[in-house]
Amino acid sequence: MAFTLALPVSSVSQYVQMFFDRLIAKNPGENEFHQAVKEVVETLVPCLERHPEYLSHRILERITEPDRIIQFRVTWQDDKGEIHVNKAYRVEFNNAIGPYKGGLRLHPSVNLGILKFLGFEQVLKNSLTTVPMGGAKGGSDFDPKGKSDWEVMRFCQAFMKELYRHIGANIDVPAGDIGVGGREIGYLFGEFKKLTHSWEGVLTGKGLAWGGSLIRPEATGYGATYFAEEMLNTRGDSLKGKTCAVSGSGNVAQYTVQKVNHFGGKVITLSDSNGTIVDKNGIDAEKLAYVLDLKNNRRGRIQEYADKFKCEYFEGMRPWFVKCDVAFPSATQNEVNKEEAQMLVDHGCFVVSEGANMPSTPDAVEVFLRNKILYGPGKAANAGGVATSGLEMAQNASFSSWGTEEVDMRLHTIMKRIHKTCVDTANEYGDPGNYVLGANIGGFIKVANSMIDQGIV
Ligand SMILES: NC(=O)C1=CN([C@@H]2O[C@H](COP(=O)(O)OP(=O)(O)OC[C@H]3O[C@@H](n4cnc5c(N)ncnc54)[C@H](O)[C@@H]3O)[C@@H](O)[C@H]2O)C=CC1
Ligand SMILES: O=C(O)CCC(=O)C(=O)O
């Protein structure tokens, strides 16, 4: 099809700028969504210059507008019988290459702009995995902190009472994200079965006894660590003997620590929304077991680690002031700002592998790129979680379950493949070592081509 642009523009860069201005005007106030789209479209310019058909097919406009957004009310009762109302969403972003797939977040900060940024990132991330999955994200402003198991169960059941109509094993397959782990997936799955009178792989991150996959809980942290190791290998180096800073202390952080230890590195930090612990001796297997119990069962604060193991605790601080070789931001979006990025680099950090989604602000990313450190953006580095969800879907669809070694081997292979895609794409577009460009173009092309193949829908 001919390159027929309706707008009078002389260059692709100018087109992209006009596109972005319109996106902001059409989606006011959705700051995280603007940020995620801006980063992607800016790096797409050389690809769009080479492929004008993406512009004439209006792929930018279509890929940034969710297929549909479901917004609903969740009404539930606390243990005292008091009634609460939360806002909830499922953003079904794009299913060009497979069923909608992506996590559910339960956190008071959840709003549409955050879920749209996460859904948009998920489209490109899932494409990078090579597993056929579209992108989606959902969640609610419900705060699980301080709630009893019964309250969490009642919330999850009320949430699923609406969501069940919109999802299915071949339609849309949610999973965990911040505030949603094995406990919540269990309550959601139980309610889905009850409402639909069917057993299907409609959620991933399920318990092992009822359709879950080995290694899914570990997969995001393991994957981010495999990605860091791959990046280091390009410089003839490895994680062995490296000092690492990890933020967060939830699912992704926990299994990052485990895998870094496995590779012979030493993790010296963990954090939560209250503060950071710094344990210069390293968080070994025994201390990690304590963290898992603290965070997954007792649901306590990370400060208790410092009390127990007599290390330093920094109230209200993030970990990025420490001296380290490798950083794994694994808590939440925009948790590394420009000053913190500069501090990391100044203190000798030369690898950043993002376990969280968009944890670095745009000017922090600029610091990493300018200093030519090994910087693995979230949509590549943390793709192991959703990739292993894809493996869980494959096992469910074939009524089979694979062993630990098989799933881990597949995860490792997928992470190596994603790394190679980033490296090869960055080389092809003349910017070697730029994993941001490599991941964005690498993920985009497959979705864009699929959308063109499938016509104007
Ligand atoms: N669970 C998964 O499979 C995947 C998760 N991610 C991303 O990884 C990040 C962490 O997710 P999970 O470990 O699953 O969640 P989680 O709920 O298990 O843990 C989240 C951690 O981040 C901390 N945190 C949350 N909000 C914070 C804030 N505003 N300031 C400081 N700390 C904060 C919490 O205290 C907790 O330690 C998120 O960005 C998520 O989107 C990305 C890919 C897959
Ligand atoms: O496993 C999934 O489907 C969700 C993973 C996820 O939410 C993410 O990659 O950010």
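Whatever order the structure lists them in is the order used to number ligands and atoms, beginning at 1. The figures that follow rest on heavy atoms only: side chains count, while hydrogens, waters and symmetry mates do not. All residue numbers refer to positions in the sequence shown, counting from 1.
- At the top of the distance list for atom 11 (O) of ligand 1, counting protein heavy atoms only, stands Ile178 CG1, 3.7 Å.
- Ligand-side atoms of ligand 2 in range of Gly176: 4 (C), 7 (O), range being under 4.0 angstrom from any heavy atom.
- The Asn382 neighbourhood of ligand 1 comprises atoms 42 (C), 43 (C), with distances under 4.0 Å to a heavy atom of that residue.
- Exactly one residue among Thr129, Thr204, Asn126 makes a side chain to side chain donor-acceptor pair (under 3.5 Å) with Ser389. That residue is Thr204.
- The protein non-hydrogen atom at the shortest distance from atom 1 (O) of ligand 2 is Ser389 OG, 2.5 Å.
- When only interatomic distances are considered, the shortest N/O to N/O separation between Asn357 and ligand 1 falls below 3.5 Å.
- The protein heavy-atom contact nearest to atom 9 (O) of ligand 2 is Lys125 NZ, 2.7 Å.
- Residues passing the salt bridge (Lys or Arg N to Asp or Glu O under 4.0 Å) test with Glu92, sequence neighbours excluded: Arg68.
- The distance criterion of under 3.5 Å between nitrogen or oxygen atoms is met by Arg216 with respect to ligand 2.
- At a 4.0 Å heavy-atom cut-off, ligand 1 touches Arg216 through the side chain alone.
- Annotation: side chain of Arg301 is in contact with side chain of Lys295 (closest heavy-atom distance under 4.5 Å).
- Listed by atom number, the atoms of ligand 1 under 4.0 Å from Ala356 heavy atoms are 7 (C), 8 (O), 9 (C), 39 (O).
- Among Glu121, Met393, Lys137, the residue whose heavy atom lies nearest to atom 10 (O) of ligand 2 is Lys137.
- With a heavy-atom cut-off of 4.0 Å, Arg105 touches ligand 1 through its side chain alone.
- The backbone and the side chain of Asn251 each have at least one atom closer than 4.0 Å to an atom of ligand 1 (non-hydrogen atoms only).
- Below 4.0 Å from some heavy atom of Gly248 lie the following atoms of ligand 1, by number and element: 37 (O).
- By the criterion of a heavy-atom distance under 4.0 Å, neither the backbone nor the side chain of Glu335 is placed next to ligand 1.
- Protein heavy atom nearest atom 2 (C) of ligand 1, with residue, atom name and distance: Thr220 OG1, 3.4 Å.
- Salt-bridge formation is not detected for the pair Glu304/Lys308: no Lys NZ or Arg NE/NH1/NH2 atom is positioned less than 4.0 Å from an Asp or Glu carboxylate oxygen.
- Listed by number with element, the atoms of ligand 2 under 4.0 Å from a non-hydrogen atom of Ala175 are 1 (O), 2 (C), 3 (O), 4 (C).
- A salt bridge links Arg298 to Asp293: at least one charged side-chain nitrogen sits closer than 4.0 Å to a carboxylate oxygen.
- Under 4.0 angstrom from ligand 2, there are no non-hydrogen atoms of Thr388.
- By the 30° and 60° cut-offs, the orientation of the rings of Phe189 relative to Trp210 is parallel.
- Only the backbone of Ser330 comes within contact range of ligand 1, with a heavy atom under 4.0 Å; no side-chain atom does.
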All N/O donor-acceptor pairs, side-chain side in residues 324-331, below 3.5 Å, sequence neighbours left out:
from, atom 1, to, atom 2, distance (Å)
Asp325, OD2, Thr243, N, 2.8
Ser330, OG, Phe328, O, 2.9

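- Every atom of ligand 2 is numbered from 1 in the order shown, and the set under 4.0 Å from a heavy atom of Gly103 is 4 (C), 6 (C), 7 (O).
- Counting only heavy atoms from C-beta outward, the side chains of Asp177 and Leu104 never approach each other to under 4.5 Å.
- For the pair Gly179 and ligand 1, a heavy-atom separation below 4.0 Å is found.
- Using a cut-off of 4.0 Å between Lys/Arg side-chain N and Asp/Glu carboxylate O, Glu162 and Arg165 are scored as salt-bridged.
- Interface of Ser249 with ligand 1, defined as ligand atoms under 4.0 Å from a residue heavy atom, comprises 37 (O).
- Taking a cut-off of under 4.0 Å to the non-hydrogen atoms of His107, the atoms of ligand 1 that pass are 26 (N).
- Ion pair Arg154/Asp79 flagged as a salt bridge, since at least one NZ, NE, NH1 or NH2 atom sits closer than 4.0 Å to an Asp/Glu carboxylate oxygen.
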